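Structure first, then comments.
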Amino acid sequence: MICPLGSFAQEVSLDSLKTLLPEKTGKDRILLLNELATGLRESDQTEAMAFSREADSLAKIMEDFSGQSRAQENMGWIFYRKGQWQKSFDYSKSAYDLAVKANDKLQAARLMNNMGALYYEQQNYQMAIQQFKKGYELATEVNDLSTRIRSLNNVALNFVQTGQLDSAESYASRSIQLNVNAGTPYLTSFAHRVMGDVFLARGQYDSAQAIYERSLKMSRTQGIKSFEAGVLHRLGNAYLLDGKFDQAEDLLTYSIKLCEENGFLDELSKSHRYLAKVYENKGDIQKAFIHQSQFLVLNDSLVNKSNRDRLALLQGMFEENLEESELELLKAQNENQSYRLKTSRKYAIFFAVTAIVISVLGIRLFVMNKNVRSINADLLAQQKKIEEQNQALELQSNQLREMNETKNKLFSILGHDLRGPVEQVKSVVDLLLAGHLEKEEFNELLGVLSKDIDSVNFTLINTLKWSMAQMEGFKLNPSHFDLRAVVDNSLKLLEASFKAKSLTVFNQMESKVEVFADQDLIEVVIRNILNNAVKFSNTGDAVTIFSERDDNWSYWCVLDQGVGMTEDQVQLLLSDSYSLTKSRPGTNKEKGSGLGLQLAKEFTRKCGGEITIDSHPGHGTKFCIKLPVAQQSVEQIQSV
């Protein structure tokens with residue numbers, strides 16, 4: 001959660017300010033309305049929005065650009081807190097334009113923090129850090145301590161997200177030091193929470209607990225339940241990691257109750273997740289399963305909403321840039337047309353004069369020839385500029401269309417391939433709870449439910465891995481590891497699938513196959529290739545796994561006896577273009593998302609390797625991946 005403005009330690013209480021409101025008019029009323037909205041926007045957003053709208057209307061009538069900017073900044077932050085990022089972006093940008101028009105550096109500094117918060121929600125942490133640092137510089141110029149502290153807290157939070165813990169600690173410490181004289185408990189508690197995140201990430205659990213407890217005490221003193229919820233699940237996790245399971249259980253149970261009462265879904269999701277781990281460590285598997293299930297349901301909903309909101313925000317920012325480019329193009333076209341009209345008038349005057357003064361025709365022709373060349377050169381330059389802008393607009397339009405197509409395909413996968421199995425599981429559970437199923441009947445359905453859950457889990461893993469690979473700032477983590485161990489683990493996970501089709505597995509790999517790649521990505525590649533072999537094999541077939549190596553590369557292959565593929569299908573899978581295609585059903589009508597083999601191809605290439613496919617319809621398929629064995633291929637991996 002990004003640090004808000006933090007005007008909780010005003011010398012005059014909010015109740016006192018409200019009593020002054022009926023007496024105020026003009027700019028004094030605008031100022032008071034904005035102060036009330038800023039003070040309430042974290043605790044009572046409905047009332048804060050009402051004050052902001054009144055301030056915006058009055059400021060617009062009185063042409064008070066600073067007051068209008070402050071009102072729209074508050075509205076933008078309220079929409080940000082509600083998760084309506086596109087509206088937040090629109091109001092924040094309008095507020096920034098008004099602040100620049102009024103030459104109000106303090107207001108501009110506050111809005112730099114709002115824009116940084118939106119980049120934070122895009123997970124573009126480097127750009128967010130730049131915005132918050134600009135906000136700090138502007139606040140320093142006008143000597144506004146509160147905004148300086150807010151900016152430092154937000155920079156520290158983003159450094160935690162990027163794993164730059166020393167930098168995060170430095171900025172959080174500076175914030176705490178500055179706040180000694182500021183008397184702002186909320187900003188101090190936020191800085192302590194960030195400092196706790198730093199120590200937790202370092203594994204210094206005692207220090208993290210002490211700092212979180214101090215931050216929790218501050219938030220409770222101020223009565224800010226949203227911030228209290230943000231500290232509770234962090235402190236509960238610190239107790240969990242330190243082995244203090246009873247303390248973690250009590251704290252996280254209270255956190256769940258608080259979050260449910262106030263609708264804090266993100267904090268509620270995390271509290272269920274950590275409480276499930278607490279019960280797992282205490283050996284209470286039933287309670288662990290209940291809380292893990294609740295976490296999965298909440299997290300799935302939050303991830304889907306976050307993806308939709310992030311795509312909407314990105315699309316809104318992109319469309320704004322597109323509109324600005326279109327305006328520039330229209331302006332250039334109008335200037336070109338105006339220039340042509342002026343030139344035509346010059347020609348008319350010239351010919352009228354030449355009809356009267358024929359004696360100077362030669363000189364006039366020479367001058368006009370020179371002018372025409374200059375005019376033609378200008379026109380050609382204008383035409384070239386217009387063509388370049390047209391090309392840029394066409395490229396941006398294609399990018400936006402591809403983004404929308406990919407978004408629609410991804411939502412189709414989530415809606416079609418996940419909804420069916422989940423609804424089937426839910427219907428069986430509902431029948432059981434309603435008493436319409438006997439225990440024996442339920443036990444007979446467990447096998448079907450297990451397959452549905454495995455299908456959902458497999459599709460979710462592929463979808464999340466694909467989504468992460470598309471994000472800005474996605475980084476590879478290459479290392480040396482044993483490919484044989486990865487394959488053995490994947491075979492255990494797919495053991496039920498092999499048995500369901502009575503498949504025989506011949507694992508002829510070497511006892512140890514060392515490679516240098518990103519292990520997480522290669523695990524996804526291995527599992528998808530093995531799953532594909534099971535999916536398209538006939539009952540009773542054999543699947544053969546073997547490996548080879550030379551001085552620089554390791555080769556891993558899977559050979560099945562299944563239905564095979566045509567040459568066109570193989571070429572489509574191996575092409576450089578990326579597409580989410582409709583998955584073919586397996587030999588037992590197994591469904592898929594269409595992501596599996598695309599992920600295998602893309603992740604293998606990201607790790608500096610290559611994938612090959614040899615297949616013939618009716619005679620099976622051989623998949624082979626080639627991976628580097630040593631670190632000399634790091635430059636190749638990073639350049640992919």
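If you're wondering where the values come from, they're calculated on a predicted model, not measured in any experiment.
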Qualifying ring-ring contact (aromatic ring centres under 6.0 Å, His included) pairs with a residue from residues 143-172, counting only residues at least two apart or across chains =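 Every ring-ring contact (aromatic ring centres under 6.0 Å, His included) pair that includes a residue of residues 143-172, provided the two are not neighbours, is Phe159-Tyr171.
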Hey, does the side chain of [X] reach the backbone of [Y] with a donor-acceptor pair shorter than 3.5 angstrom?
| X | Y | result |
| --- | --- | --- |
| Thr19 | Ser16 | yes |
| Ser94 | Asp90 | no |
| Ser69 | Leu98 | no |
| Asp518 | Ser479 | no |
| Ser92 | Ser88 | yes |

Side chains of [X] and [Y]: donor-acceptor distance under 3.5 Å anywhere?
| X | Y | result |
| --- | --- | --- |
| Asn477 | Asp520 | no |
| Ser175 | Arg148 | no |
| Gln294 | His272 | yes |

Legend entry - All side chain to side chain donor-acceptor pair (under 3.5 Å) counterparts of Gln130, not counting sequence neighbours: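 Gln130: no side chain to side chain donor-acceptor pair (under 3.5 Å) contacts found.
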field: Face-on cation placement of Arg150 at Tyr136 ring, 6.0 Å and 45° thresholds
entry: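 Not flagged: Arg150 not positioned over aromatic ring of Tyr136.
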- Message: Go through it in stages, so that I can follow the logic: the residues are Tyr80 and Asn114, the test is side-chain contact (heavy atoms from CB on, under 4.5 Å), and I'd like the CA-CA distance, side-chain angles, deciding distance and then a yes or no.
- Response: CA-CA 9 Å; Tyr80 169 78; Asn114 282 26; over 6 Å; no
TODO: Carefully, step by step, assess Glu169 and Arg202 under the rule side-chain contact (heavy atoms from CB on, under 4.5 Å).
DONE: CA-CA 11 Å; Glu169 182 179 4; Arg202 288 176 173 166; 2.8 Å; yes
Give the minimum heavy-atom separation between [X] and [Y], together with the two atoms involved.
| X | Y | result |
| --- | --- | --- |
| Met195 | Ser173 | CE-OG, 3.2 Å |
| Val278 | Ala248 | CG2-CB, 3.8 Å |
| Ser52 | Asn74 | OG-CB, 3.4 Å |
| Lys18 | Leu40 | CE-CD1, 4.2 Å |
| Phe264 | Ala229 | CD1-CB, 3.6 Å |
| Ala99 | Ala108 | CB-N, 4.0 Å |

Candidate pair Arg70 and Glu35, rule salt bridge (Lys or Arg N to Asp or Glu O under 4.0 Å), full reasoning | CA-CA 9 Å; Arg70 181 73 178 275; Glu35 285 296 323; 3.6 Å; yes
Is there a side-chain contact between [X] and [Y], using heavy atoms and a 4.5 Å cut-off?
| X | Y | value |
| --- | --- | --- |
| Gln107 | Gln68 | no |
| Tyr279 | His291 | yes |
| Arg193 | Asn153 | no |
| Asp56 | Gln72 | yes |
| Phe295 | Gln292 | yes |
| Leu21 | Phe51 | yes |
| Lys270 | Asp266 | yes |
| Lys82 | Ile78 | yes |

> Does any pair with a residue in residues 131-141 pass salt bridge (Lys or Arg N to Asp or Glu O under 4.0 Å), and if so which ones, sequence neighbours excluded?
Replying inline: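 Sorted pair list: Lys105-Glu141.
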- Check step by step if side-chain contact (heavy atoms from CB on, under 4.5 Å) holds for Leu106 and Thr147. CA-CA 8 Å; Leu106 173 57; Thr147 307; 3.8 Å; yes
Could you work out, with salt bridge (charged side-chain N to carboxylate O under 4.0 Å, His left out) as the rule, every residue matching [X], not counting sequence neighbours?
| X | value |
| --- | --- |
| Lys282 | Asp246, Glu249 |
| Arg53 | none |
| Glu54 | Arg29 |
| Asp15 | none |

What distance do [X] atom [atom1] and [Y] atom [atom2] have between them, rounded to the nearest 0.5 Å?
| X | Y | atom1 | atom2 | answer |
| --- | --- | --- | --- | --- |
| Asp97 | Leu111 | CG | CG | 9.5 Å |
| Met112 | Tyr96 | CE | OH | 4.5 Å |
| Asn237 | Leu251 | CG | CG | 11.0 Å |
| Glu73 | Asn113 | CD | CG | 9.0 Å |
| Ser57 | Met62 | OG | CE | 13.0 Å |
| Glu388 | Lys385 | CD | NZ | 9.5 Å |

Once ring-ring contact (aromatic ring centres under 6.0 Å, His included) is applied, do any residues pair with [X], and if so which ones, sequence neighbours excluded?
| X | result |
| --- | --- |
| Tyr274 | none |
| Phe65 | none |
| Tyr125 | Tyr120 |

| query | Listed by chain and number, what are the side-chain contact (heavy atoms from CB on, under 4.5 Å) partners of Asp250, not counting sequence neighbours? | reply |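 side-chain contact (heavy atoms from CB on, under 4.5 Å) list for Asp250, sorted by chain: empty.
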For Glu63, does the CD atom have more than 12 heavy-atom neighbours from other residues, nucleotides or ligands under 6.0 Å away?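 No, the 6.0 Å shell around CD holds no more than 12 heavy atoms from other groups.
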Notebook entry, point to check: After noting the C-alpha distance and the side-chain angles of Arg234 and Glu267, does the key distance pass the salt bridge (Lys or Arg N to Asp or Glu O under 4.0 Å) rule?
Noted result: CA-CA 9 Å; Arg234 287 175 165 86; Glu267 290 78 7; over 6 Å; no
Pairs of donor and acceptor atoms involving the side chains of residues 205-216, under 3.5 Å and at least two apart or interchain, shall be tabulated with distances.
{"from": "Gln209", "atom 1": "OE1", "to": "Lys244", "atom 2": "NZ", "distance (Å)": "2.8"}
{"from": "Gln209", "atom 1": "NE2", "to": "Tyr205", "atom 2": "O", "distance (Å)": "3.3"}
{"from": "Gln209", "atom 1": "NE2", "to": "Ala238", "atom 2": "O", "distance (Å)": "3.4"}
{"from": "Gln209", "atom 1": "NE2", "to": "Asp242", "atom 2": "OD2", "distance (Å)": "3.0"}
{"from": "Tyr212", "atom 1": "OH", "to": "Gly196", "atom 2": "O", "distance (Å)": "3.3"}
{"from": "Tyr212", "atom 1": "OH", "to": "Asp197", "atom 2": "N", "distance (Å)": "3.1"}
{"from": "Tyr212", "atom 1": "OH", "to": "Asp197", "atom 2": "OD1", "distance (Å)": "2.5"}
{"from": "Glu213", "atom 1": "OE2", "to": "Tyr239", "atom 2": "OH", "distance (Å)": "2.5"}
{"from": "Arg214", "atom 1": "NH1", "to": "His192", "atom 2": "NE2", "distance (Å)": "3.3"}
{"from": "Ser215", "atom 1": "OG", "to": "Ser189", "atom 2": "O", "distance (Å)": "2.8"}

